[in-house]
Amino acid sequence: MARRAPILDWYARHGRHDLPWRATRDRWAVLTSEVMLHQTQVARVERAWPEFLARFPTPAAMADAGPAAVIRAWDRLGYPRRARHLHDAAVVIAATGWPDDLRTLPGVGRYTAAAVAAQADDADVPAIDVNIRRVVQRVVGGRLGDRAAEDAMIRVGAPLRGRDRLLALMDVGALLCRARDPQCGACPLRRRCATRGPLPDEGTRRQGAFRGSFRERRGRVMAALRAGPTPSAELDAEALASLVADGLAVVRGGRARLPG
DNA sequence: AATGCGGGGGC
DNA sequence: GCCCCAGCATT
């Protein structure tokens, strides 16, 4: 008779069951949380998401509010293209319903489509984010592409499936199997783990300094536009042009403003 | 496969 | 200072 898998017990006791978006299985609520979590730490999203969802509780509500309201509500969360894409996705959903393939929605890729299906519908699909990739790579003992990581996720997460598999492995990655200072002694996977610590090369992506970067310049223009329409002459022209190209700003009559 | 894309938390 | 963060779109 097989023993109860350690990850079941660990997840029941130590999983982040307190995270606000885990209290819902509403697709729209889950989607908004997932988009907000793209490259943004859980602690920040915890603070911002409840108010954001209350403001845009349904796709129709967001579609009706228009892109400017969504971009403004996004505030300083970063990557404002996410807000633009989310609004555009809301327009599609409000008009024609949820598509069969969520990846057809703007701003929704392989990970997010699977993560929404698993959490909202308990679909038995794997989804690889930075946390789960780190966990399964360390357990297996080497770098894995998306497909191989998904296969490994199913094996490593067994007997969990669907929603619980996703969330349990996410929590292991975030709380124990961390990029820095992993807590292997407390890990439910340690007996099957090939590495028990960071891989020799986990290939963390480098990002240039934010200070003095073009991204910072874009950010400054976005901050001005969130505050209100601004004469173009007062703004960084290159950064503004880049924002216009991304659908995050419009210029008319020498004044720049948020779109919509 | 490699870049660009915010902004902030934590050390 | 540097590293990291529930990715996606584009090239």
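Labels below follow one simple rule: chain letters A, B, ... track the order of the sequence lines, proteins then strands, and each chain is numbered from 1.
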Item to complete: Please test A:T40 against A:R82 for side-chain hydrogen bond (donor to acceptor under 3.5 Å, both in side chains), starting from the C-alpha separation and ending with a verdict.
Response: CA-CA 11 Å; A:T40 303; A:R82 294 183 292 172; 3.1 Å; yes
Counting the atoms with a prime plus P, OP1 and OP2 as sugar-phosphate, which does [X] contact under 4.0 Å by heavy atoms, base, sugar-phosphate, or nothing?
{"X": "A:W74", "answer": "nothing"}
{"X": "A:L166", "answer": "nothing"}
{"X": "A:T112", "answer": "sugar-phosphate"}
{"X": "A:R215", "answer": "base"}
{"X": "A:L243", "answer": "nothing"}

With a cut-off of less than 4.0 Å, is there a side-chain N or O of [X] near OP1 or OP2 of [N]?
{"X": "A:Q39", "N": "C:dG7", "value": "yes"}
{"X": "A:R134", "N": "C:dC5", "value": "yes"}
{"X": "A:R44", "N": "B:dG9", "value": "no"}

Fill in: Of the listed nucleotides C:dG7, B:dG10, B:dG6, the one nearest the side chain of A:R180
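Minimum distance to the A:R180 side chain belongs to B:dG10.
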Worksheet item: Which of these nucleotides, C:dC8, C:dC4, B:dG6, is closest to any side-chain atom of A:H38?
Response: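 The answer is C:dC8.
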Fill in: Mate of B:dA1 where both pairing distances stay under 3.5 Å, Watson-Crick or G-U
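Answer to the pairing question: C:dT11, which forms a Watson-Crick or G-U pair with B:dA1.
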Worksheet item: Say you pick atom P in B:dT3 and the same atom in C:dA6; how far apart are they, in whole Å?
Response: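 Rounded to whole Å, the distance is 23 Å.
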Practice prompt. Measure across A:A113 and A:R103 and return the closest heavy-atom pair with its distance rounded to 0.1 Å.
Written response: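 Looking at all heavy atoms of both residues, the closest pair is CB-CG, 3.6 Å.
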Worksheet item: Hey, does the side-chain of A:R103 have a donor or acceptor N/O within less than 3.5 Å of a partner on the base of C:dA9?
Response: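 Under the 3.5 Å cut-off, the side chain and the base do not form any donor-acceptor pair.
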Practice prompt. Measure distances between side-chain N and O atoms of A:T40 and base N and O atoms of B:dG8, and say whether any donor-acceptor pair falls under 3.5 Å.
Written response: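 Per atom types, no contact qualifies.
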